[in-house]
Protein chains: 2
Amino acid sequence: MLKLTKRAEYGLTALVHLTDHAGDVVSAREISEHYRLPHRLVGEALKDLCRAGHLQSLRGPAGGYRLARSASSLTVGEVIAAIEGAPALPECDAMALVDLGFDSLADCDVESRCPIRSPLHRIQEDIWRQFERTTLEELAAPDFSLIPNRNVAKTTLSASA
Amino acid sequence: MLKLTKRAEYGLTALVHLTDHAGDVVSAREISEHYRLPHRLVGEALKDLCRAGHLQSLRGPAGGYRLARSASSLTVGEVIAAIEGAPALPECDAMALVDLGFDSLADCDVESRCPIRSPLHRIQEDIWRQFERTTLEELAAPDFSLIPNRNVAKTTLSASA
DNA sequence: TCTATTAGCACTAAATTAGTGCTATTTGAT
DNA sequence: ATCAAATAGCACTAATTTAGTGCTAATAGA
Ligand code: SF4
Ligand code: SF4
C-alpha cells in the first residue's frame, strides 16, 4: 500500500537521531530504547547503512555508529537504496510495451521512443526523484508548514479517541 | 518496498487508456485483453473507481466504463485513494512522540507543537502531495524529459539480456 | 577474561496482496 | 421470452513480502 518497510523506517529514524547528535557515537541499543523500537531490527538497518558507507561503526563496549558523511549531503534516496536494496525501478509493464507495439523488452529501442508510457513507472520515477533530492538535514528539521495541510494529526487523533 | 498494488497499477493503466479514448465506453475485458492483464482484477479496480465517482459504468452487452470527469481534474491521489482505500496516512510513529515527550497519541496537542518530527510521516506527506498534484492528463502524456535521466530502460534491458 | 558491541545469515510467523469463485443484476440482441 | 455479455459485490485461497528473532562470530574496552 505504498509504504516503506520497518527497516527503512527505523533506519531513517536512527539517522535523524544521529543527525541531531552529529559527531557522537550512538549504539543501536540506545536508539532502540529511546524510541522503543525492536533492538535487533534497528541493528539490521544500521548495519546496511554502514555497509553502504553512510555510517561509520565502532565495535566493542562503548561502540556504536556515527555519521560518515554530512547530513546535508546524504539523501533519503541513498538511505532507502541502502536498506531496501532496489532503487525501486521495476520491470517495464504492460502498457508501455503494448502501446508501442512491442512484444517483449528486447524489442525496446529506448533512444528513439517510449518515454515511459506507463503510469507505474512514471509515478515511481516521481517518488524517487523526490527521495534523491531530500537530504537528511531537511528531514531532521521540523517543518511547520505541514500543520495546516490535510489535518494529519487531527484525523489521527479523532480516530484514536 | 514502496510500490503500488497491482490493483492500483491496473486502475491507472485503465484510466490512462480511457483518457486516450475520452468519451468512448470501454469494457474491462477490452482493456485487459489489450494490455494482457488479468481480466477480473482490472474489473475490481474499475469498480472501485466507479464507486468513487471517477468513472461512469454502463451494464449489459456493449456496456463498460467511461470517464465521469475530465482527465485534467482527476488526480493520481484520488485514483489511488479510491483503489487502495487509505490516503496512506499512518499512525504517528515512535520518533515524533518520544521526541516531544509524549507517552501516547492522546497527549499530542498538535496546534502548538510537533510538525511531524517523524521521517516516515514526512516522506509519505511528500509522496502524497505529489500524487495530489499530478493529474491523469499529465500522466497520460509521454514525458520525453525522462529518457536522459537515471537510464531506467538501459538498466532494465541489460539486466534482462 | 568478561562483557557489550557490531556483522552476517538463516529462519519462522505474521501480514499483505494477487487472483479467482460464485452469485446477482442489468440490458441489448435474437 | 430468452440468451449472452457486461458490471456489482464479496469471500476465499495461494503466493509473496515483511517483521522479528535465533544463532554464531569478530572486535575491543574494562
Ligand atoms: S502532530 Fe506529531 S506528535 Fe502529534 S500525532 Fe501527528 S506526528 Fe504524532
Ligand atoms: S523505455 Fe519504455 S518500453 Fe522501453 S523498457 Fe522502458 S518503459 Fe518499457
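Quick note on labels: first sequence line is chain A, next is B, and so on, each numbered from 1.
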Across the strands shown, which category fits A:G43 at heavy-atom distances under 4.0 angstrom: base, sugar-phosphate, nothing? nothing
Looking only at side-chain N and O atoms, does [X] come under 4.0 Å of OP1 or OP2 in [N]?
X	N	result
A:Y10	D:dT18	no
A:S57	C:dA7	yes
B:R29	D:dA6	yes

May I ask you to decide whether B:E9 forms a salt bridge with B:K6, counting only side-chain N to carboxylate O separations under 4.0 Å?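 Counted as a salt bridge, because a side-chain N and a carboxylate O are separated by less than 4.0 Å.
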Spacing of [X] atom [atom1] relative to [N] atom [atom2], expressed in whole Å:
X	N	atom1	atom2	value
B:R66	D:dT7	CZ	C1'	14 Å
B:L4	D:dT17	CG	C1'	16 Å
A:K6	C:dA14	NZ	P	17 Å
A:H39	C:dA4	NE2	P	12 Å
A:L2	C:dA15	CG	P	21 Å
A:K3	C:dA15	NZ	C1'	8 Å
A:R7	C:dA7	CZ	P	15 Å
A:E30	C:dA4	CD	P	14 Å

Is a side-chain donor-acceptor pair under 3.5 Å present for B:E132 with B:W128? yes
CZ (B:R40) and CZ (B:R29) are apart, to the nearest 0.5 Å, by 10.5 Å
Mark up nucleotides 22-30 of chain C, 5' to 3', with B wherever a protein heavy atom is under 4.0 angstrom from a base atom, S wherever such an atom reaches only the sugar-phosphate, and - elsewhere. B--BBBB--
For residues [X] and [Y], determine if any side-chain heavy atom of one lies less than 4.5 Å from a side-chain heavy atom of the other.
X	Y	value
A:L136	A:L18	no
A:L139	B:I123	yes
A:T5	B:L2	no

Given that A:P38 and B:V26 both sit by DNA chain D, which one's nearest nucleotide is further toward the 5' end?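 Here B:V26 is the residue nearer the 5' end.
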Suppose the criterion is salt bridge (Lys or Arg N to Asp or Glu O under 4.0 Å): which pairs have a residue in residues 54-69 of chain B, not counting sequence neighbours? B:R69-B:E78
Taking all heavy atoms of A:F131 and all of A:T75, pick out the closest pair and write down the distance.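 Heavy atoms only, the tightest pair is O-CB, 3.8 Å.
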Quick one: sort the A:H21 and A:H17 rings into parallel, tilted or perpendicular, breaks at 30° and 60°.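 The arrangement is parallel - the two ring planes meet at less than 30°.
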Where along residues 44-56 of chain B does a heavy atom come under 4.0 Å from DNA chain D, residue by residue in number order?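 Going residue by residue through residues 44-56 of chain B, the ones with a heavy atom under 4.0 Å of DNA chain D turn out to be B:E44, B:K47, B:C50, B:R51.
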